S.K.: 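Right, I'll just put the structure down here and ask away after.
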Amino acid sequence: MKTQNTSISDFRAVPVSNYLGETPVWSVAEQSLYWINCEKEAELHRWSPETNAHKVWPMPERIGGVALKRGGGAVVFLGSGLYDIDLASGELSLRAASPLPPHVKLHECATDRQGRLWVGAYDHDFTPENRNPQGAAYLRLDGDKFIPEITKINIANGLAFSPDGKRIYAADSPSRQIFTYDLDPASGTLSGRRDFLTMPPEVGFLDGATVDAEGGYWLSVMYGSALHRYLPDGTLDYVLNLPFSSPTKAVFGGPELDTLFITTTQMRVGNATPPGFELNGPVYALKTQFKGLEDTPMAV
């Protein structure tokens, strides 16, 4: 296993103060980064590293994800469903209502290599006193309806797809486990669930993930000040130590797809304040020796 230490001067920071930054998506066509601030305030963001132009779209309710569409444009996941967004006006149009109860919010989305749209959810009945309500799920969009593919989830995280599109990674954060399934590229059906890794409690909290061109699985460790890269067999291969405590998800972007863009959160867990907590809030960019993959736009 290799380890790389970093300092804050190694990063370029987007000067935002997100409470819960999530779901960074790189647009190759626009050479821009999209991401969300889930709540306090609910917002969609777009930023150009080349021009430093930064656009913010306020959302009317909690936002759980953004995905780019084939041919241009975007969709956003709000608590109540999937919406097309007019990026010129900010107008939202409902495409598919959430099939989940109102207290279960759509959260953590990604497209697979065929352009199918997947989304997890966050059961807000989850509390320290009720740690297993299991009302959330992972859903796949089929036309204008959601198909439940993985059920009995508390807080969805870690969603990613292998480079060949034949494997899906997903997690239920409170369990500290990431699991994987075989994914049929033609139909989108899942089979062969198995455990991928279990995160020890002392390491931090597992959050979002991405996959690089070699199949490495990059997991953000909230309160752990690190990104962990795992090989497809679950071996921990590389640890990138960060100066900020709470990364939430990373994506590869930039002209060569070799820059990691990392969202962060100012959310507190318990009473402890980990080192580097005061640096959370911005989106950070770091040039790396690794290369990512272009996210497949959503098939419209």
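Because the structure is predicted, anything quoted here is derived from the model rather than measured.
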S.K.: Hey, what do you get for OH (Tyr138) to CD1 (Ile153), rounding to the nearest 0.5 Å?
M.R.: 5.5 Å

S.K.: Step through the shown structure and confirm whether more than 12 heavy atoms of other residues, nucleotides or ligands are within 6.0 Å of CD on Glu30.
M.R.: yes

S.K.: Answer whether the closest heavy-atom distance between the side chains of Tyr238 and Gln289 falls below 4.5 Å.
M.R.: yes

S.K.: For this output row, return yes or no: ring centroids of Phe252 and Trp218 closer than 6.0 angstrom.
M.R.: yes

S.K.: About how many Å separate CG of Leu82 and CG of Leu139, when rounded to the nearest 0.5 Å?
M.R.: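 With rounding to 0.5 Å, CG (Leu139) is 11.0 Å from CG (Leu82).
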
S.K.: Between atom OG of Ser27 and atom CZ of Arg46, what is the distance when rounded to the nearest 0.5 Å?
M.R.: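 It comes to 8.5 Å.
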
S.K.: Do the rings of Phe261 and Trp26 sit parallel, tilted or perpendicular, given the 30° and 60° boundaries?
M.R.: parallel

S.K.: Which heavy atom of Leu227 sits nearest a heavy atom of Ala250, and at what distance?
M.R.: CD1-CB, 4.1 Å

S.K.: With rounding to the nearest 0.5 angstrom, report the CG to OG1 distance, Asp295 to Thr210.
M.R.: 6.5 Å

S.K.: May I ask you to check if Arg113 and Phe161 form a cation-pi contact, with NZ or CZ under 6.0 angstrom from the six-membered ring centre and within 45° of the axis?
M.R.: no

S.K.: With side chains defined as the heavy atoms from C-beta onward, is the minimum distance between Thr23 and Trp35 less than 4.5 Å?
M.R.: no

S.K.: Can you name the closest pair of heavy atoms from Asn154 and Gln134 and give their distance?
M.R.: OD1-N, 2.8 Å

S.K.: So do the side chains of Lys287 and Asp10 get within less than 4.5 Å of each other, counting heavy atoms only?
M.R.: no

S.K.: Compare all side-chain heavy atoms of Val283 with those of Pro24 and state whether any distance is below 4.5 angstrom.
M.R.: no

S.K.: Less than 4.0 Å between a side-chain N and a carboxylate O, is that true for Arg194 and Asp182?
M.R.: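 Salt bridge flag = yes for Arg194 with Asp182.
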
S.K.: Tell me whether Arg62 is salt-bridged to Glu39, with the criterion being a basic N under 4.0 Å from an acidic carboxylate O.
M.R.: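 Looking at Glu39 together with Arg62, the answer is yes, because their closest N to O distance falls below 4.0 Å.
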
S.K.: Of all heavy-atom pairs between Asp207 and Leu219, which one has the smallest distance, and what is that distance?
M.R.: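 Minimum heavy-atom separation between Asp207 and Leu219: O-CD1, 3.5 Å.
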
S.K.: Mind checking the OH-CD spacing from Tyr19 to Glu43? Nearest 0.5 Å is all I need.
M.R.: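 One finds 14.0 Å between OH of Tyr19 and CD of Glu43.
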
S.K.: What are the two closest non-hydrogen atoms of Leu159 and Cys109, and how far apart are they?
M.R.: CD2-C, 3.9 Å

S.K.: Between Asp212 and Arg229, does at least one N-O distance fall below 4.0 Å, as a salt bridge requires?
M.R.: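 Yes, Asp212 and Arg229 are salt-bridged.
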
S.K.: Quick one: OG1 on Thr111 to CE on Met298, what's the gap to the nearest 0.5 Å?
M.R.: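 With rounding to 0.5 Å, OG1 (Thr111) is 9.5 Å from CE (Met298).
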
S.K.: Please state whether the rings of His124 and Tyr122 are parallel, tilted or perpendicular, taking 30° and 60° as the class boundaries.
M.R.: parallel

S.K.: In terms of side-chain heavy atoms, does Thr248 have a donor or acceptor partner in Thr263 at a distance below 3.5 Å?
M.R.: yes

S.K.: Does Glu278 CD have over 12 foreign heavy atoms under 6.0 Å away?
M.R.: yes

S.K.: Strictly by modelled atom types, are Asn18 and Thr264 linked by a side-chain donor-acceptor pair under 3.5 Å?
M.R.: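 The answer is no; no qualifying pair exists.
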
S.K.: Quick one: does Arg140's side chain get under 4.5 Å of Leu190's, heavy atoms only?
M.R.: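 Result no, sub-4.5 Å side-chain heavy-atom pair not found.
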
S.K.: What heavy-atom pair brings Val211 and Ala160 nearest, and what distance separates the two atoms?
M.R.: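 Here Val211 and Ala160 meet closest at CG2-CB, 3.8 Å.
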
S.K.: Is there side-chain contact between Lys69 and Asp84, with heavy atoms separated by less than 4.5 Å?
M.R.: yes

S.K.: Looking at every heavy atom in both Ala171 and Gln177, which two are closest together, and how far apart are they?
M.R.: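 Distance-wise, the nearest heavy atoms are CB-O, 3.4 Å.
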
S.K.: Begin with the C-alpha distance, continue with both residues' side-chain angles, and end with the deciding distance and a verdict on side-chain contact (heavy atoms from CB on, under 4.5 Å) for His45 and Val56.
M.R.: CA-CA 5 Å; His45 292 252; Val56 181; 3.6 Å; yes

S.K.: So do Gln4 and Lys2 actually touch side chain to side chain, heavy atoms under 4.5 Å?
M.R.: no

S.K.: Kindly check if the number of other-residue, nucleotide or ligand heavy atoms within 6.0 Å of CD (Glu41) is above 12?
M.R.: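 Open: at most 12 neighbouring heavy atoms sit under 6.0 Å from CD of Glu41.
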
S.K.: So do the side chains of Arg167 and Tyr217 get within less than 4.5 Å of each other, counting heavy atoms only?
M.R.: no

